[in-house]
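Please read the structure below before turning to the comments.
Basis for what follows: all heavy atoms, side chains included, without hydrogens, waters or symmetry-related copies. Quick note: residue numbers are just sequence positions, from 1.
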Amino acid sequence: MTGPMVRADGVRKRFGAHEVLCGVDLTVDRSEVVCIIGPSGSGKSTFLRCINHLEKISGGQLYVDGHLVGYRRRGNKLYEMREREVAAQRIDIGMVFQQFNLFPHMTALGNVIEAPIRVRKEPRQEVIRRSKELIDRVGLSSRMDAYPAQLSGGQQQRVAIARALAMRPKLMLFDEPTSALDPELVGEVLDVMRDLAAEGMTMVVVTHEMGFAQEVASKVAFMDEGQILEMGPPRELFRDPQHERSRTFLSRVL
């Protein structure tokens, strides 16, 4: 496919009378890392969840890899896909959440191999081989047989990243992946994400880690009250924000 990996055109999301997303426009090119920053409650996580249809949008359109997310077009009308069709779309989109969401009764390796075997129906031995490589890649080769309760928060989050990568996604979404971690554990997760970015993985990252955004992002989007108010290369946005709300926010967090 050519064209951007993600394209959001006027995306809106309402919860009852409250409009959380107020016409979000965003383009993410292939192999690009886009970090979305902004105050809590600005709609960042909701927008991320809309990208893989964990939240249904109320207006606008979202495309991933050139395909409408969650809908099918017939003529001039859009029809919502069945859940099974949506699930098939999600196979190509990896997502890492604030909480690790590992299966507590499975080892690290068990968590990583589960989806490729059950969802993609891939051969078990091939999945095990690839999953061991992924666990080694996130620095946990000695902890493959450990259960989540035996792992630190940073280790659990690295297993969660390996689990997402095991599905061989085209796109990775990160929803504040370090916010639930003790400060000394944040670096080990960010190191894995840096490696993914260096390898060309397309990533959309909602984060409060400003240093990571400045170092790794291709571009940074500042979001507030359901809108992207400003977007640009990190060097420009952090050094010379153009919007008053961006300046106020950054003056408090940098």
May I ask you to test the [X]-[Y] pair for a side-chain heavy-atom distance under 4.5 Å?
X      : Y      : answer
Met223 : Val24  : yes
Val220 : Phe238 : yes
Ile57  : Tyr71  : yes
Arg30  : Asp65  : yes
Ile113 : Ser131 : yes
Asp25  : Ile228 : no
Leu190 : Glu209 : yes
Leu54  : Phe97  : yes

For side-chain hydrogen bond (donor to acceptor under 3.5 Å, both in side chains), just list the numbers for Thr202 and Glu32, CA-CA rounded to whole Å, side-chain angles, deciding distance to a tenth of an Å, and then say yes or no.
CA-CA 5 Å; Thr202 308; Glu32 193 169 41; over 6 Å; no
Going through the distances and angles, do Glu236 and Lys219 end up as a salt bridge (charged side-chain N to carboxylate O under 4.0 Å, His left out)?
CA-CA 9 Å; Glu236 295 178 10; Lys219 59 190 178 191; over 6 Å; no
Are Tyr147 and His105 close enough that their ring centers fall under 6.0 Å?
no
Rounded distance [0.5 Å steps], [atom1] in [X] versus [atom2] in [Y]:
X      : Y      : atom1 : atom2 : answer
Thr46  : Glu55  : OG1   : CD    : 6.0 Å
Asp29  : Met5   : CG    : CE    : 10.0 Å
Leu250 : His243 : CG    : NE2   : 12.5 Å
Met203 : Cys35  : CE    : SG    : 7.5 Å
Leu26  : Asp9   : CG    : CG    : 10.0 Å
Met106 : Arg163 : CE    : CZ    : 10.0 Å

Enclosure of [X] [atom1] (heavy-atom neighbours >12, cutoff 6.0 Å):
X      : atom1 : answer
Arg235 : CZ    : no
Glu225 : CD    : no
Gln99  : CD    : no

So, for [X] and [Y], which heavy atoms are closest and what is the spacing to 0.1 Å?
X      : Y      : answer
Leu48  : Val204 : CD1-CG1, 3.6 Å
Glu80  : His53  : OE2-NE2, 3.7 Å
Asp224 : Pro39  : OD1-CG, 3.2 Å
Leu102 : Pro148 : CB-CG, 3.9 Å
Asp175 : Ser45  : OD1-OG, 2.6 Å
Leu165 : Met201 : CD2-CE, 3.9 Å

Taking the side chain from [X] and the backbone from [Y], do they hold a donor-acceptor pair closer than 3.5 Å?
X      : Y      : answer
Lys121 : Arg118 : yes
Gln242 : Asp240 : yes
Arg72  : Leu78  : no
Thr248 : Glu244 : yes
Gln98  : Thr178 : no
Ser58  : Arg14  : yes
Asn111 : Phe103 : yes

For Thr207 and Glu176, test the side chains for any donor-to-acceptor distance below 3.5 angstrom and give the result as yes or no.
no
Is it the case that the side chains of Arg73 and Gln61 hold a donor-acceptor pair, with the cut-off being a distance below 3.5 Å and no angle test?
yes
Would Phe249 and Phe222 count as a ring pair (Phe, Tyr, Trp, His ring centres under 6.0 Å) if you check the C-alpha gap in whole Å, the side-chain angles of each, and the deciding distance to 0.1 Å?
CA-CA 9 Å; Phe249 175 80; Phe222 174 75; 5.3 Å; yes
One pair to check against salt bridge (charged side-chain N to carboxylate O under 4.0 Å, His left out): Arg12 and Glu19. What are the steps and the verdict?
CA-CA 7 Å; Arg12 296 181 176 273; Glu19 191 166 47; 3.0 Å; yes
Where do Asp136 and Arg130 land on the salt bridge (charged side-chain N to carboxylate O under 4.0 Å, His left out) test, with the steps shown first?
CA-CA 10 Å; Asp136 180 60; Arg130 193 173 75 246; over 6 Å; no
What about [X] and [Y], same hydrophobic cluster or not, with Ile/Leu/Val/Met/Phe/Trp/Tyr joined at side-chain heavy-atom distances under 4.5 Å?
X      : Y      : result
Leu171 : Leu68  : yes
Val96  : Leu151 : yes
Val206 : Val189 : no
Leu62  : Met231 : yes
Val34  : Ile37  : no

Tyr63 ring centre to Arg7 NZ or CZ under 6.0 Å, with the angle to the axis within 45°?
yes
Are Lys13 and Phe15 in a cation-pi contact, defined as NZ or CZ under 6.0 Å from the six-membered ring centre and within 45° of the axis?
yes
Applying side-chain contact (heavy atoms from CB on, under 4.5 Å) to Lys77 and Tyr79, what does each step give before you reach the verdict?
CA-CA 7 Å; Lys77 292 186 178 181; Tyr79 297 87; 3.6 Å; yes
When you look at Glu199 and Arg194, which way does the salt bridge (charged side-chain N to carboxylate O under 4.0 Å, His left out) test go after all the steps?
CA-CA 9 Å; Glu199 292 167 7; Arg194 287 187 184 95; over 6 Å; no
Check this for me: does any side-chain nitrogen of one of [X] and [Y] sit under 4.0 Å from a carboxylate oxygen of the other?
X      : Y      : value
Arg245 : Glu230 : no
Arg82  : Glu85  : no
Asp92  : Arg168 : no
Glu126 : Arg129 : yes

Checking side-chain contact (heavy atoms from CB on, under 4.5 Å) for the pair Val138/Val159: CA distance, chi angles, key distance, verdict?
CA-CA 8 Å; Val138 300; Val159 172; 5.9 Å; no
Check the pair Met95, Asn52 against side-chain contact (heavy atoms from CB on, under 4.5 Å), reporting the backbone distance first and the verdict last.
CA-CA 9 Å; Met95 187 160 185; Asn52 64 357; 3.4 Å; yes
Taken in chain and number order and not counting sequence neighbours, the residues that satisfy salt bridge (Lys or Arg N to Asp or Glu O under 4.0 Å) with Arg143 are none
